[in-house]
Protein chains: 2
Amino acid sequence: MANNELDSRKMLILKAIIDDYIESKEPVGSRTIAKKYDMGLSSATIRNEMADLEEMGYLTQPHTSAGRIPSEKGYRLYVDRLMNLKEQGIEPTSEELGDIKSHMQHKISELSEQMRMASEIVSRLTDYTAILVSGSGRRSMKIKALQTVPVETGKALILIVLDDDTVKNSLVSIDSAITPEMLMRISVQCNLLFAGHRVEDINLDMIEMVAESTGVPRMLLYPIVEGIVACIRKAENTEVHTEGASRLLAHPEFNDIGKARNVLELLNKEDLLADMIQECSSAGGLVVRIGSENKIQDLNDCSVVTASYSVNGVELGTIGVLGPTRMDYSKVISALEYVRKGLEEGLGKKPKAE
Amino acid sequence: MANNELDSRKMLILKAIIDDYIESKEPVGSRTIAKKYDMGLSSATIRNEMADLEEMGYLTQPHTSAGRIPSEKGYRLYVDRLMNLKEQGIEPTSEELGDIKSHMQHKISELSEQMRMASEIVSRLTDYTAILVSGSGRRSMKIKALQTVPVETGKALILIVLDDDTVKNSLVSIDSAITPEMLMRISVQCNLLFAGHRVEDINLDMIEMVAESTGVPRMLLYPIVEGIVACIRKAENTEVHTEGASRLLAHPEFNDIGKARNVLELLNKEDLLADMIQECSSAGGLVVRIGSENKIQDLNDCSVVTASYSVNGVELGTIGVLGPTRMDYSKVISALEYVRKGLEEGLGKKPKAE
DNA sequence: GTTAGCACTCAAACGAAGCGAGTGCTAACA
DNA sequence: TGTTAGCACTCGCTTCGTTTGAGTGCTAAC
């Protein structure tokens, strides 16, 4: 109490309490600590220290005659300085590393698919819900290729391939006066003009140029332009995907059906999720948001850990793990880092271009 | 008891009981029926009839001193012969008809997207969970167009457009010896050969023909073939999508967190869902499965109503509604039929090709 | 500074009492 | 013969008091 900095014994006790609480899910008393983590102290001493820790705001009591549980401040300290990352705990799941690797070798799939797989693995590993926000957000992406494909009379498919091999397409109806041959010319011109450019570079002038160089009346070109715009919109839209929502119900803090429902409903609101996750990701790397640090009300007794992934400078997306405040932070962080390795290894092979 | 066929009065009473139970969610007693649905009978008489109905297996009692609730047999009769479809109850949501219509006019999107929207509307309308199984299942689909598109050196995009305007694509790595020009020839040949054919008609002979007519070494052609196969696999895979899972939690029968969890977990098992929904759809039109009529154990106190949709002979998919056995069958069926109109209208316009 | 001991607190578990919705049965009535 | 009034009975739910026990805070001794 003399100092508001924690001495190392208090730290040790706090760590023990949080470790135990994460494992047992029950408020932890002084006796438990004295017995289980023998640090040569009696329960009475621990009790005194606990009282101090509570006064300093690291612990709270659900009610007078119960044990202590960590406060948000306690968790924060734990995450920042106390917990030890257990790398060994994850090893047995190396079958799953096989999973992700083999999937990537099998064929070059869209990155977002790989991310999806990664998020599933994270969710399985941690037993919490994973939230995947893939795609570049509003960031700038180059167009690798753009094509218009005749489907049948009066219909064409517009498709663009982006930097990260994401494919976007949009089916439009076109004037039946446009022959496949004309379409081909349009396709070639568009490709020439747009390929290598950023999505946001495309403007009406460029479209005008296509009209001129192909000789196709501008009116007839219009639906095609609309298709291109639709593709761009799709590409700009970040994709949101959640994995393992039902896993949340396994944790006792969601026994209250009302809470569970609030959170599950939130998981359907993709825009909110995307904002939340991307905001975190801006800091880059790993971010932990504990309890009320989350801006979303319904998550006030949840924590979210997010990790952003990018390989070779290309941003793949962000995976967030959502669980109760009493989550196993160590396990979650290990899982997220673990998947990072998997993703990078899998993608490192790609440039070989065998 | 003399006859094991129900006289019309028993029917009326049974209907009243089930109607009331669906609305109130509580076991219903004889007094309630006598008062609320005045059919000129005293509670005592109703009581006698109820005893008969119970003996015949249409009703059960949760415990001696409670009211009656319908048995599965009761629900079955109700669905088959007693309930009246309330079409008026749905009308106020005609804003949502606007929704679906405008979305369809805005641009020709993949059918599966439209179905997705439809399933969302059904879920919102009914407050239960909607399960969408789109795509043709194992059924035979014609290929409308097939294209290979160069993306960059060493990479090509294979894409096929199917009967129902579903677009499938697959990115493959190809030998860098294949020039865009060669790829173009391959593309034209493949399109010529495969367009108009069913997915399962494609065989190795046809691929051999492509190799011959384009002069591309068969070894180099191999990755492309793999891409095509991948596309086909994707097309064969029925897509499963669930909408509004969290809505289930609003209903009292899912207050038991264990039950809720079982069902929510089931909703992640796409293969099981697809099997279940498609099996129903085989009968065509509307199918109601009550309680243990569902083969899946976890759904033994749920009901599933499925409707299959096809327009112009093209099968779009099936939407299933999952809710507690005590679901508002009438509302669910109305909603499914209602969306049918929306889908058909929206698609009826398409052939106009404006 | 640490520890043993003791009085105290309070949520959770248990159980008895009362309530009340609903039933089945019997007897009277049309 | 079908309907109804009346009444005793059942039984799940709620309420409320009691007990239990894990855990605390405090004090006094080491």
Side-chain angles (χ1 to χ4, degrees), chain A residues 1-3 6-14 16-18 20-21 23-56 58-71 74 252-253 255-256, chain B residues 1-3 6-14 16-18 20-21 23-71 252-253 255-256:
Chain A
M1 221 210 108
N3 194 339
L6 290 170
D7 61 36
S8 70
R9 195 175 74 177
K10 281 196 173 50
M11 295 255 232
L12 228 70
I13 290 176
L14 181 58
I17 292 172
I18 302 187
D20 197 82
Y21 181 59
E23 192 198 323
S24 72
K25 310 175 195 342
E26 300 284 332
V28 10
S30 54
R31 245 177 78 88
T32 316
I33 297 299
K35 265 209 262 178
K36 250 165 85 177
Y37 308 76
D38 54 359
M39 36 187 73
L41 293 174
S42 76
S43 68
T45 312
I46 308 274
R47 212 142 53 227
N48 287 330
E49 296 287 42
M50 281 165 92
D52 288 354
L53 284 167
E54 178 166 8
E55 204 181 343
M56 293 186 222
Y58 293 104
L59 295 176
T60 25
Q61 271 181 304
H63 55 266
T64 327
S65 72
R68 303 298 211 293
I69 62 175
S71 68
E253 19 272 287
N255 275 354
D256 175 8
Chain B
M1 218 209 112
N3 193 341
L6 290 170
D7 61 34
S8 70
R9 194 173 75 176
K10 280 194 173 51
M11 296 253 233
L12 227 68
I13 291 175
L14 181 58
I17 292 173
I18 302 187
D20 197 83
Y21 181 59
E23 191 198 323
S24 73
K25 311 176 198 332
E26 301 283 331
V28 10
S30 53
R31 245 177 79 87
T32 316
I33 297 298
K35 265 209 263 178
K36 249 165 86 176
Y37 308 76
D38 53 1
M39 35 187 74
L41 293 174
S42 76
S43 69
T45 313
I46 308 274
R47 215 144 50 227
N48 288 331
E49 296 287 41
M50 281 164 93
D52 288 354
L53 284 167
E54 177 165 7
E55 205 181 342
M56 293 186 220
Y58 293 104
L59 295 176
T60 25
Q61 271 182 303
H63 55 265
T64 327
S65 71
R68 304 297 212 292
I69 62 176
S71 68
E253 20 272 287
N255 274 354
D256 176 8

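A note on names: the letters A, B, ... follow the listed sequences, proteins ahead of strands, and every chain is numbered from 1.
You'll find the side chain of B:M50 stays beyond 4.5 Å of the side chain of B:E54, heavy atoms only. Contact annotation: the side chain of A:R9 approaches that of A:T45 to within less than 4.5 Å [non-hydrogen atoms, C-beta and beyond]. Here the side chains of A:L59 and A:L14 are in contact, with some heavy-atom distance below 4.5 Å. Using a 4.5 Å cut-off on side-chain heavy atoms (C-beta onward), A:V28 and A:R68 make no contact. At a threshold of 4.5 Å between non-hydrogen side-chain atoms, the residues A:Y37 and A:D20 count as touching.
Contact between the side-chain N/O atoms of A:R68 and the OP1/OP2 oxygens of D:dG25 is found at a separation under 4.0 Å. One finds a side-chain N or O of A:T64 lying less than 4.0 angstrom from the OP1 or OP2 phosphate oxygen of C:dC10.
In this structure D:dT18 sits in a base pair with C:dA13, meeting the Watson-Crick or G-U test at under 3.5 Å. C:dG24: Watson-Crick or G-U partner is D:dC7, with both key distances under 3.5 Å. Applying the Watson-Crick and G-U wobble criteria (two distances, each under 3.5 Å), D:dC30 pairs with C:dG1.
Atom pair B:N48:CG and C:dG22:C1' shows a separation of 14 Å (rounding to whole Å applied). Atom C1' of nucleotide C:dT26 and atom CZ of B:R47 are separated by 12 Å, given to the nearest angstrom. Separating the CZ atom of B:R9 from the P atom of D:dT3 is a distance of 4 Å, rounded to the nearest angstrom. Atom-to-atom, CD1 of B:I46 to P of C:dC25 comes out at 18 Å; the value is rounded to the nearest Å. Taking atom NE2 of A:H63 as the reference point, atom P of C:dC8 lies 19 Å away to the nearest angstrom. Rounded to a whole Å, the CG atom of B:L59 is 10 Å from the P atom of C:dT23. Counting to the nearest Å, the C1' atom of C:dG22 and the CD1 atom of B:I17 are 13 Å from each other. In this entry the distance linking CD1 of A:I69 with P of D:dT24 reads 13 Å, nearest Å.
Comparing C:dG24, C:dT3, D:dG25 against the side chain of A:L41 picks out C:dT3 as the nearest. For A:S65, taking side-chain heavy atoms from C-beta onward, the closest of the listed nucleotides C:dA21, C:dG24, C:dC10 is C:dC10. Minimum atom distance to the side chain of A:M50 is reached by D:dT24, of the listed D:dT4, D:dT24, C:dG24. Taking only side-chain atoms of B:A51, from C-beta outward, the nucleotide of C:dG24, D:dG21, D:dC11 with the closest atom is C:dG24. Comparing C:dA21, C:dC10, C:dT3 by their nearest atom to the side chain of A:T45 picks out C:dT3.
Between B:G40 and A:G67, the one whose closest nucleotide on DNA chain D sits nearer the 5' end is B:G40.
Within 4.0 Å of A:S30, counting heavy atoms only, lie sugar-phosphate atoms of the nucleic acid but no base atom.
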